2 protein chains.
Amino acid sequence: MNGTEGGESRAALPEDPCQVREVLGIVGDKWSLLIVRHLSEGPRRFSELKRAVDGISQRMLTVTLRGLERDGILTRTVRSVMPPHVSYELTPIGRALRGATAPLLEWSITHLTHIDAARAEYDARPDTPPA
Amino acid sequence: MNGTEGGESRAALPEDPCQVREVLGIVGDKWSLLIVRHLSEGPRRFSELKRAVDGISQRMLTVTLRGLERDGILTRTVRSVMPPHVSYELTPIGRALRGATAPLLEWSITHLTHIDAARAEYDARPDTPPA
DNA sequence: CGGTATCCAACTGGATACTG
DNA sequence: CAGTATCCAGTTGGATACCG
């Protein structure tokens, strides 16, 4: 078939495990994608994001924004006036990221109902461990 | 331009935050995507996955497989022979998930070098907190 | 306004030992 | 072979208080 060795083509995966790890390290946390999502609408201030990303603590907003800035996914612009004005904006890479997550979100939208049903069915199965 | 109301289009996001949370709850953990990735090559046995997904513990392989089975992303087939033979295979939804993650992986492949550079530059900036 | 610092509870996941 | 059970270290992230 397509194997170059005699086996069953075990090592033919297009990307390596490291890439999967890396991308999860960037966006696999609780808040990053939510922030990127909101910034896809345009630049936003700290307090705007705080209000938009529901339930996020001040600490986590700061920490997550710093991480995304460090990775070059967004930029942080400080206007040293009184009161302070800090604006966050996606970089081209950040916008590409947002686009790259779209299919995953679409998958989620398409299959969420089915997944919830699968869960309910699984949990209702008599041979399933109760906890 | 593209705004349908007079303001700055604050609530025009196509998907809601809940979807983002949900999809991260499914694939945002350390191992799920790695397992889905390997199963995209075809059905695999427990011990095959254990060897293929480098570094995973027996416990986490079991736990993650159970979660993916519960969500209807893969099926678990037991052949009660001696020794036991358990095979895992992606469902159509699982295969769709694999496809939906492809752009994200591509994004990662395309921009990883740039991201690493951005990190190094950020960490080298004199005004950056050392820890 | 936009943070930083500290503390701490909950969860994640690795190591190890045992089982049908 | 394919798990389960237990223990425990490390990380995540929420609450709170304070600062420039």
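Throughout, protein chains are lettered first and strands after them, A, B, ... in sequence-line order, and every chain is numbered starting at 1. Keep in mind that this is a model prediction, so the values were computed, not measured.
For the pair A:Q58 CD and D:dC18 P, the computed distance is 15 Å after rounding to whole Å. Protein atom CG of B:L61 is 16 Å distant from nucleotide atom C1' of C:dA15, rounded to whole Å. In this entry the distance linking CG of A:L65 with P of C:dT4 reads 10 Å, nearest Å. One interatomic measurement links the two molecules: CZ of B:R79 to C1' of C:dG20, which rounds to 18 Å at whole-angstrom precision. Between the P atom of D:dA2 and the CG atom of B:L49 lies a distance of 9 Å, rounded to the nearest Å. When the P atom of D:dA2 is taken as reference, atom CZ of B:R76 falls 10 Å away, rounded to whole Å. Note: CZ (A:F46) to P (D:dG20) measures 17 Å, nearest angstrom.
In this structure a side-chain-to-backbone donor-acceptor pair under 3.5 Å is present from A:T101 to A:R98. When atom types are taken as modelled, the side chain of B:E48 and the backbone of B:R45 share a donor-acceptor pair closer than 3.5 angstrom. Side chain of A:K50 to backbone of A:L61: no donor-acceptor contact under 3.5 angstrom is found. Under a 3.5 Å cut-off, the side chain of A:W107 and the backbone N or O of B:I93 do form a donor-acceptor pair. Of the possible polar contacts, one joining the A:T91 side chain to the A:G72 backbone as a donor-acceptor pair under 3.5 Å is found.
At D:dG3, one or more side-chain N or O atoms of B:R66 fall inside 4.0 Å of OP1 or OP2 (strictly under the cut-off). At least one side-chain nitrogen or oxygen of B:R45 sits closer than 4.0 Å to the OP1 or OP2 atom of D:dA2. The phosphate of D:dC1 (OP1 or OP2) has no side-chain N or O of B:Y88 nearer than 4.0 angstrom.
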Give each protein N/O atom lying under 3.5 Å from an N/O atom of nucleotides 9-11 of chain D, with the pair distance.
none

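Identified under the salt bridge (Lys or Arg N to Asp or Glu O under 4.0 Å) test for residues 70-86 of chain A, with sequence neighbours left out: A:R70-B:D123, A:D71-B:R119.
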Quiz item: Which nucleotides of nucleotides 7-14 of chain C have their base under 4.0 Å from a protein heavy atom (B), which only their sugar-phosphate (S), and which neither (-), written as one string 5' to 3'?
Solution: ------BB
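For B:P84, the listed nucleotide lying nearest its side chain is D:dC1; candidates were C:dG3, D:dG3, D:dC1. Comparing atom distances between the A:V86 side chain and each of D:dG3, C:dG3, C:dC1 picks out C:dG3 as nearest. For B:S47, whose side chain is taken as the heavy atoms from C-beta onward, the closest listed nucleotide among D:dA2, D:dG3, D:dG20 is D:dA2.
In this structure, NE2 on B:H85 lies 8.5 Å from OG on B:S47, to the nearest 0.5 angstrom. The distance from the CD1 atom of A:I73 to the CD1 atom of B:I115 is 5.0 Å, given to the nearest 0.5 Å.
Of the two residues near DNA chain C, A:P83 and A:V63, the one whose nearest nucleotide lies more 5' is A:P83.
With contacts defined as side-chain heavy-atom distances shorter than 4.5 Å, the pair A:I35/A:R44 does not qualify.
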